[in-house]
Amino acid sequence: MLSRKGIIPEEYVLTRLAEDPAEPRYRARERRARFVSKNGNCNVAHKNIREQGRFLQDVFTTLVDLKWPHTLLIFTMSFLCSWLLFAMVWWLIAFAHGDLAPGEGTAVPCVTSIHSFSSAFLFSIEVQVTIGFGGRMVTEECPLAILILIVQNIVGLMINAIMLGCIFMKTAQAHRRAETLIFSKHAVIAVRHGRLCFMLRVGDLRKSMIISATIRMQVVRKTTSPEGEVVPLHQVDIPMENGVGGNSIFLVAPLIIYHVIDANSPLYDLAPSDLHHHQDLEIIVILEGVVETTGITTQARTSYLADEILWGQRFVPIVAEEDGRYSVDYSKFGNTIKVPTPLCTAHQLDEDRSLLDALTLASARGPLRKRSVAVAKTKPKFSIAPDSLS
């Protein structure tokens, strides 16, 4: 269609009729399925669960875990069913006492002004919701009616407590606070303090702090044991470092968290070529802490695949001092710049430290050389006449 309109010449238009059936067709390698998505959701589907009754043993947690449409449906149906059930009980009490018979208005009824199931349903709503319009009330004629009145009030209070508690817990869930805890889209590997380090940036968009915030990292990859057992999701904890030291962080401003790639690291033999070939590797980062305003423990998660790790780059500074206080520019939160980095594994770098020394010397000479060239361009040139030498 584009060629008919003259946008693309005919010789550049390829159709399926021009394909050679005998020629092999190559497909791009499919990307590895994530164990944890970028927004923190776990990419795991639970199938063939036979003991479904275990979920009913913890009804409250099951109700909180339900989606909002299902929760609101259960909330509505619980009230409607209880109103209808007790409306039937009130109607039966009135029927057994003879309050529904026409022309017998001399006897004292169990409940006044109940003449049909509709009036019994209205009275059930008035009792459970404690509206009290004043037209219907229980008399002392029937002790059974007084007992049903007490039972319905207790049942109504229990339904209110359970359903309102579920709605409160759903609105105050911990993952809501995690929406404002952000991670950099990419992680980087560069030299810091003479060692190759895996680095990422984490920040909090809210002014309310995360108390006792801790961060940890896991490497998830497919491995095979010496006995031949295939472990599809082998998880290995690796230590994280920050400016303070340890896993506890003071998350007031964005921080760069890094992991030193040493002999105990699962990334010790990771090379730049492994990142380009989409190695079966996923690094999961977990941030935990207590919300200052609610006291609820929250957790934020993200992950980095091999093609989301940038080799030889580092994050740009985003914190600056302005007008006597520190300012954070979140528009540069994930920006990186290229820095001189050895194109080898950390294992090879430990065996041959001359690679790092040569890189350090080259990076040190680079600015001096540029500066000398700039000075040479701006320095005025003087020429001496030959006769002045005599």
Side-chain angles (χ1 to χ4, degrees), residues 33-89 121 124-125 127-131 148-183 204 206 208 210-216 218 220 231-235 237 282 284-303:
R34 288 182 177 274
F35 183 51
V36 176
S37 61
K38 294 296 287 185
N39 59 1
N41 295 327
C42 296
N43 189 22
V44 179
H46 300 277
K47 298 181 178 179
N48 301 325
I49 300 178
R50 297 180 180 181
E51 299 181 1
Q52 297 287 345
R54 291 182 176 270
F55 294 98
L56 298 178
Q57 295 179 3
D58 189 5
V59 181
F60 186 80
T61 305
T62 303
L63 291 175
V64 173
D65 290 340
L66 291 176
K67 296 182 179 179
W68 271 109
H70 299 161
T71 303
L72 295 178
L73 178 62
I74 294 175
F75 179 82
T76 305
M77 293 304 299
S78 61
F79 283 105
L80 286 177
C81 292
S82 63
W83 293 341
L84 289 172
L85 175 63
F86 283 98
M88 180 62 68
V89 174
F121 180 73
S124 176
I125 297 176
V127 170
Q128 188 164 331
V129 189
T130 63
I131 297 177
I148 296 301
L149 178 66
I150 297 174
V151 172
Q152 185 174 4
N153 278 304
I154 295 175
V155 172
L157 291 175
M158 292 178 62
I159 295 176
N160 288 335
I162 294 174
M163 298 311 301
L164 293 178
C166 289
I167 292 179
F168 172 76
M169 291 301 298
K170 285 185 69 67
T171 55
Q173 282 183 345
H175 68 272
R176 303 296 181 185
R177 179 61 176 87
E179 295 294 334
T180 53
L181 297 174
I182 58 176
F183 300 88
D204 187 4
R206 291 187 181 272
S208 59
I210 298 295
I211 303 174
S212 303
T214 58
I215 192 166
R216 55 193 177 94
Q218 289 184 345
V220 179
V231 182
L233 297 174
H234 182 61
Q235 304 179 22
D237 287 330
E282 182 176 0
I284 300 174
V285 182
I286 303 172
L287 173 63
E288 294 179 337
V290 179
V291 182
E292 183 181 23
T293 54
T294 61
I296 300 176
T297 303
T298 185
Q299 184 182 93
R301 300 177 294 267
T302 191
S303 67

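Values reported hereafter were calculated over all heavy atoms of this structure, with side chains retained and with hydrogens, waters and symmetry mates removed.
Rounding to the nearest 0.5 Å gives a distance of 9.0 Å between CD1 of I159 and SG of C81. In this structure, OG1 on T302 lies 11.0 Å from CD1 on I182, to the nearest 0.5 angstrom. D237 contributes atom CG, which lies 8.0 Å from atom CD1 of I286 (distance to the nearest 0.5 angstrom). Note that the OG1 atom of T297 and the CD1 atom of I211 stand 10.5 Å from one another [nearest 0.5 Å]. A distance of 12.0 Å separates CD1 of I74 from CD1 of I162, quoted to the nearest 0.5 Å. Q152 CD to L85 CG: the interatomic distance, rounded to the nearest 0.5 Å, is 8.5 Å.
Closest approach of S124 to S82, counting heavy atoms only: OG-O, 4.3 Å. Residues S78 and M163 approach most closely at OG-CG, 4.0 Å, considering heavy atoms. A pairwise comparison of heavy atoms in G289 and I210 identifies CA-CG2, 3.5 Å as the closest pair.
Note on ring orientation: taking the six-membered ring where Trp is involved, the planes of F79 and F75 are perpendicular (angle over 60°, cut-offs 30° and 60°).
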Under the side chain to side chain contact (heavy atoms under 4.5 Å, CB included) criterion, do T71 and K170 qualify, and how do the steps go? CA-CA 10 Å; T71 303; K170 285 185 69 67; 3.7 Å; yes
Could you give me the CA-CA distance, side-chain angles and deciding distance for S303 and E282, then say whether side-chain hydrogen bond (donor to acceptor under 3.5 Å, both in side chains) is met? CA-CA 7 Å; S303 67; E282 182 176 0; 3.1 Å; yes
Where do D204 and R177 land on the side chain to side chain contact (heavy atoms under 4.5 Å, CB included) test, with the steps shown first? CA-CA 10 Å; D204 187 4; R177 179 61 176 87; 2.9 Å; yes
Intermediate values then yes/no, side chain to side chain contact (heavy atoms under 4.5 Å, CB included), V127 and F86: CA-CA 10 Å; V127 170; F86 283 98; over 6 Å; no
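Two residues are said to be in side-chain contact when any heavy atoms from C-beta on lie closer than 4.5 Å; F183 and N39 fail this criterion.
Few gaps surround CZ on F60; more than 12 heavy atoms of other groups in view lie less than 6.0 Å from it.
Under the 3.5 Å distance criterion, the side-chain polar atoms of Q235 are left unmatched by any main-chain donor or acceptor of Q218.
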